[in-house]
Amino acid sequence: MQRADFENNVHQKMQELRFHPSDEVWKQVEAGIGSKRRRRPVVFWFILAGILILGGSYYYISHQYTENISGSKTEQPGQSIAGKQSEKKQENQDSGNQGLKDLSAASESTGPLNRDQPSSTNAIKPAKKTLSSKAVKSQHKKKTEEVSFETENFSVQQPTQVDNQFSLNRGMRNAKPNQFSESELLINSIGNPQVADENPLPVLAPTVENQAKKNSSTDKKTNWQFGMTASGGTSDLGEQLLQTAAGANFSYNPLQSTAGGGINRGPSEVKNGPAFSIGAYANKTLGKKWKLGMGIAYQYFSNTIKVGEKVDSMVVINQSNFAMDRVSQYYKSTGNSPYHNQYHFISIPIHAQWQFAKRFCWENGLVGSKMIKTNALHYDGVSGRYYEDRNLFNDYQLSATTAVLFGLNKNRIQIGPQIQYSFTNLLNTNTGNPKHLRSASIKANIELWQK
Amino acid sequence: MDDKLLVKNCLKGKREAQHLLYERHAEYMLGVCYRYTKSMSDAEDVLQEGFIKVFRNLHQYKSDGELGAWIRRIMVNTAINYLKQQSRSRADLSFSDGTLHPITNDNPEINLTVKELAELIRQLPTGYQTIFNLHAVEGYTHVEIGELLGIHEGTSRSQYARARGLLVSWIKKNPLENKTPVYAKSRL
């Protein structure tokens, strides 16, 4: 009972023990409960939104462009000729319309006449008389739609006034005699089915061949692709490729292995932080499956450690057994506030892409980077303080990247996972363990134009 | 605003409610943290970490219990974790340091103020201090203390007995009057 009384007395007295905490505690608590909910989503949503906006807008623009030219690409030149040839044999009697088709196609090579194309259709008036007016109109419309591809370089694609005699006369009058060599031949043949049947291709062939040549030359020219690249993911620090760093950045911790070090505490555990990059690239096609590329990008890496409160005071920090430095502010090591070590780089990536399947390619590259800014903290295990010192970082980094990309929209958009590992030591000091930046992200390449 | 409504508003993320909850309990909880640590700075670090845990785990609080007791349990656990973390680099958190302090069943009258008694408890070696606080002040059994600290129940009992004996001897001598704690002398 007596023993219980003693404990009861102690217990009662201790219930009255109160102290007023400093204002700093609530600020830290507020930061601690706010950080997890606010910071991460903002960064991740920002990256995701950027990728979606870029991808979506490009897809929309390219889709619009595809729609515009799809009408003209429904028939390949060769197929068009074959179709026309067979049609001619089956529709011998419809020489008037065939003549119209041939005339329109031939008119491509007679530029000045083509601007007066509506008037030239008057020349087929005699042939049209053999058809009903409705049939003529519908067939005429169909034929002129086909022809429009071949005359796409001209402002007038469809005849608007078939019976405009005045236009015909004016066009004929304005045209020079040597411009009608092919047209005259066709016009003369319109009224005569046999002539049209005998001489259909000599006139058309050169035109279609020219078009085919034009197309093939366009294909050959698409050797260069230009676009934007972006990635978003996570990064941390490693002491080796697969070994996570025990402490962030430079950690001088001579008492780590000895017990009874007094004030020594180990450096905070390093946790992953967000990472992203955005930039532009140019790719050169080398053969059917290979592309070589280069670009410029901004890269952001980060990781998170736990620190205590910030103190604005000039103190001496230890960087080795022999080296000391002075800093004007530091963070205590006792505390639970997350601190984001941020590393900003300007990078020049060089990469090679191997298309190993229709929609998949494997991209490997080297990235040369220059650090432009960092707020990362080093650790002094002797005094138990975290401090900033840019001079302890190696400004230039060389990294390797590898990614497997899935192609969308004729491989104009590529997206897939990527990992990056920096060969070079993040620190420029040989004291302590080397640190290497590592990241895993989702990468997207968006091709904007070709040349 | 009662605790139930306060917790509800805190869970909605209302910063005013969170601040009010903190204001209500911070002073008492700092006293709890103070008893387990060696300095006010360390006590505030534990308090800060403890309150972050409180707000992040508030959804786990069941309204049938007392909110203050729930927060205090979190603070005590945070303090224990803090001490364990410290023990990796410090030698003074030991539950079997080899020094045999006298055991006594004396039950002296405590003519000390609250803060003086707290100061005396804080003068105990960290291992003694922790076990004494857990058993005498928080009311944990030795079995619970053994589980919490990862030590044998018997170790907890013996360490408590020695902590109590040391404290009783200090209370009798009232070492605070000499400004130098007996424990400090004994270590020298």
Side-chain angles (χ1 to χ4, degrees), chain A residues 1-38 253-269 306-309 311 332-338 381-382 384, chain B residues 10 13 15 18-19 22-23 26-35 40-56 58 78 82 85-92 105-110 112-118 121 132-133 135-139 164 167-168 171:
Chain A
M1 288 295 288
Q2 285 180 334
R3 192 165 178 264
D5 286 343
F6 175 73
E7 272 82 43
N8 281 339
N9 282 338
V10 172
H11 176 76
Q12 280 175 2
K13 278 191 176 288
M14 287 302 102
Q15 297 306 308
E16 297 164 21
L17 183 65
R18 283 159 201 269
F19 294 100
H20 187 75
S22 64
D23 294 341
E24 190 62 26
V25 177
W26 170 245
K27 285 178 187 169
Q28 294 286 339
V29 170
E30 202 173 16
I33 56 179
S35 61
K36 219 174 186 180
R37 288 179 184 172
R38 287 177 189 171
N253 203 25
L255 305 174
Q256 196 167 26
S257 58
T258 60
I263 54 175
N264 178 58
R265 306 173 180 104
S268 162
E269 186 185 348
K306 295 280 178 68
V307 299
E309 67 175 305
V311 180
K332 288 183 179 176
S333 59
T334 53
N336 210 20
S337 305
V382 176
Chain B
C10 287
R15 193 45 54 91
Q18 290 169 339
H19 192 230
Y22 171 83
E23 288 281 310
E27 288 189 356
Y28 176 74
M29 296 306 159
L30 185 56
V32 173
C33 299
Y34 184 76
R35 280 189 282 112
M40 184 55 84
S41 171
D42 287 353
E44 287 193 336
D45 281 347
V46 173
L47 181 75
Q48 171 196 319
E49 195 174 334
F51 263 108
I52 290 172
K53 283 183 184 174
V54 165
F55 286 118
R56 286 186 179 167
L58 202 56
T78 307
Y82 179 81
Q85 203 179 345
Q86 299 279 303
S87 71
R88 290 175 196 157
S89 55
R90 288 185 179 182
D92 56 356
N105 287 328
D106 285 357
N107 188 25
E109 202 172 321
I110 304 173
L112 300 169
T113 65
V114 172
K115 289 187 180 174
E116 283 172 343
L117 180 60
I121 293 172
F132 184 85
N133 273 319
H135 184 69
V137 184
E138 316 298 346
R164 186 181 187 279
L167 192 63
V168 166
I171 289 170

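Below, chains carry the letters A, B, ... as their sequence lines are ordered, and counting in each starts from 1.
- For Gln15(A), the parts lying near chain B are the backbone and the side chain together; criterion is any non-hydrogen pair under 4.5 Å.
- Not counting sequence neighbours, His11(A) has no partner by the ring-ring contact (aromatic ring centres under 6.0 Å, His included) test.
- Going from atom CD of Gln28(A) over to atom CG of Asp45(B) covers 8.5 Å, rounded to the nearest 0.5 Å.
- The shortest side-chain heavy-atom distance between Arg164(B) and Glu7(A) falls under the 4.5 Å cut-off.
- Atom CZ of Arg15(B) is separated from atom CD1 of Ile33(A) by 4.5 Å, given to the nearest 0.5 angstrom.
- Nearest heavy atoms, Val25(A) versus Leu47(B): CG1-CD2, 3.9 Å.
- Between the CE atom in Met29(B) and the CZ atom in Arg18(A) there is a gap of 8.5 Å [rounded to 0.5 Å].
- In this structure the side chain of Gln48(B) never reaches within 4.5 angstrom of the side chain of Pro21(A), judged on heavy atoms.
- The minimum heavy-atom distance between Lys332(A) and Ser41(B), with the atom names listed, is NZ-OG, 3.4 Å.
- The backbone N or O of Gly32(A) sits less than 3.5 Å from a side-chain atom of Arg56(B), completing a donor-acceptor pair.
- Proximity to chain A (any heavy atom under 4.5 Å) is shown, for Tyr28(B), by both the backbone and the side chain.
- Here CD of Glu309(A) is found 7.5 Å from CD of Glu44(B). Values are rounded to the nearest 0.5 Å.
- Most heavy-atom pairs under 4.5 Å with chain B: of the set His20(A), Gln12(A), Glu16(A), this distinction falls to His20(A).
- Listed by chain and number, the residues in a ring-ring contact (aromatic ring centres under 6.0 Å, His included) with Tyr22(B) are Trp26(A), Phe51(B) (sequence neighbours excluded).
- At least one side-chain heavy atom of Met14(A) sits under 4.5 Å from a side-chain heavy atom of Ile121(B).
- The shortest non-hydrogen separation linking Leu17(A) to Gly31(B) is CD2-O, 3.5 Å.
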